[in-house]
Amino acid sequence: MATPDFIREIRASAGHQLLFLPGVSVVVFDDEGRVLLGRRVDSGEWSIIGGIPEPGEQPAETAVREVYEETAVRCVVERVVLVDALRPVTYPNGDRCQFMDICLKCRAVGGEARVNDDESLEVGWFPVDSLPGLDEFSLFRIKQAMTDEPTWFAPMTEH
């Protein structure tokens, strides 16, 4: 994902120190029950759609914006799937981040899936029983989005 300008500004003074940031991941289904995926430029791997909220932007707004920016698909948010503090990651340039991921389930309401920015190599709809190779991050979120269970969160650890 492209680094938002506000994070570039923070990095100018914070250097590579760990930043704790919000993130939004999105599981989008169409009327046929297929899931929308994008093949990322940075890794070459298929994944669900996601991004970083702009300052003041609500997670649902981020989800709708990111899906459209990356795939040209219009969607509406149906529910919060999960909230998960991810493990810290170090990028090749030395920047360190830890994301609080809010995953939302969405329903497509318009548009034709296509590459709509420079972050994706391909985008497409996939039946859930024949997904391309996906990492556990995407697979778990798709699985949770397909349930009618309450919002998932990691069990609390005792201190």
Exercise. If two hydrophobic side chains count as joined below 4.5 Å and joins carry through other members, does Leu21 share a cluster with Leu86?
Worked result: yes
Seminar exercise, completed: Closest non-hydrogen contact found for Gly33 with Val128 is O-CG1, 3.9 Å
Exercise. Among the clusters formed by ILVMFWY side chains lying less than 4.5 Å apart, do Val28 and Ile48 turn up in the same one?
Worked result: no
For this session: Keeping to residues at least two apart or across chains, list the salt bridge (charged side-chain N to carboxylate O under 4.0 Å, His left out) pairs with something in residues 121-130.
Result: Arg39-Glu122
Problem set entry | Common cluster, Val109/Leu36, ILVMFWY with side-chain heavy-atom separation under 4.5 Å | no
For this session: Give a yes or no on whether the backbone of Arg8 and the side-chain of Asp5 come within a donor-acceptor separation of less than 3.5 Å.
Result: no
Problem set entry | Heavy-atom pair with the smallest gap, counting every atom of Leu104 and Ala63 | CD1-CB, 3.7 Å
Exercise. Taking atom CZ of Arg74 as the centre, does the number of heavy atoms from other residues, nucleotides or ligands within less than 6.0 Å exceed 12?
Worked result: no
For this session: Measure from the side-chain N and O atoms of Thr151 to the backbone N and O of Val80, and report whether any donor-acceptor pair falls under 3.5 Å.
Result: yes
For this session: Report whether Ile52 and Val27 are members of the same hydrophobic cluster (ILVMFWY, side-chain heavy atoms less than 4.5 Å apart, transitive linking).
Result: yes
For this session: For Arg11, enumerate each residue passing the salt bridge (Lys or Arg N to Asp or Glu O under 4.0 Å) test, keeping only those at least two apart in sequence or located in another chain.
Result: Asp95
Problem set entry | Other residues, nucleotides, ligands: >12 heavy atoms within 6.0 Å of Asn93 CG | yes
Seminar exercise, completed: So CD of Glu54 and CZ of Arg65: to nearest 0.5 Å the spacing works out to 5.0 Å
For this session: Look up atom NE2 in His16 and atom CG in Leu19, then write down how far apart they are to the nearest 0.5 Å.
Result: 11.0 Å
Exercise. Which residue pairs pass the ring-ring contact (aromatic ring centres under 6.0 Å, His included) test with at least one member in residues 103-145, sequence neighbours excluded?
Worked result: Trp46-Phe126, Phe140-Trp152
Exercise. Is Leu121 reachable from Val115 through a run of I, L, V, M, F, W or Y residues, each pair having side-chain heavy atoms under 4.5 Å apart?
Worked result: no
Problem set entry | Residue pairs, two or more places apart or on separate chains, that pass side-chain hydrogen bond (donor to acceptor under 3.5 Å, both in side chains) and touch residues 96-107 | Ser25-Asp101, Glu78-Arg107, Asp101-Arg141
Exercise. With sequence neighbours left out, which residue pairs that include part of residues 18-41 fulfil the ring-ring contact (aromatic ring centres under 6.0 Å, His included) condition?
Worked result: none
Seminar exercise, completed: The side-chain contact (heavy atoms from CB on, under 4.5 Å) partner of Ile49 among Thr71, Val24, Leu37, Val73 is Thr71
For this session: Supply the atom-to-atom distance Leu139 CG to Lys143 NZ, rounded to the nearest 0.5 angstrom.
Result: 10.0 Å
Exercise. From Tyr91 OH over to Asp42 CG, what is the distance, rounded to the nearest 0.5 angstrom?
Worked result: 8.5 Å
Exercise. Quick one: do Glu32 and Arg34 make a salt bridge, cutoff under 4.0 Å?
Worked result: yes
Exercise. Which atom names give the shortest non-hydrogen contact between Val26 and Cys106, and what distance separates them?
Worked result: CG1-SG, 3.6 Å
For this session: Rounded to the nearest 0.5 Å, what's the gap from CD on Glu69 to OG on Ser120? Could you check?
Result: 11.0 Å
Problem set entry | Phe6, CZ atom: more than 12 neighbouring heavy atoms under 6.0 Å | yes
For this session: Would you mind listing every ring-ring contact (aromatic ring centres under 6.0 Å, His included) that reaches into residues 57-90, with sequence neighbours excluded?
Result: none
For this session: Rounded to the nearest 0.5 Å, what's the gap from CD1 on Ile142 to OG1 on Thr147? Could you check?
Result: 13.0 Å
For this session: Over all heavy atoms of both residues, which pair between Ser47 and Arg40 is shortest? Give the atoms and the distance, please.
Result: CB-CD, 3.9 Å
Exercise. Which atom pair, heavy atoms only, marks the closest approach of Glu70 to Asp117?
Worked result: CG-OD2, 3.2 Å
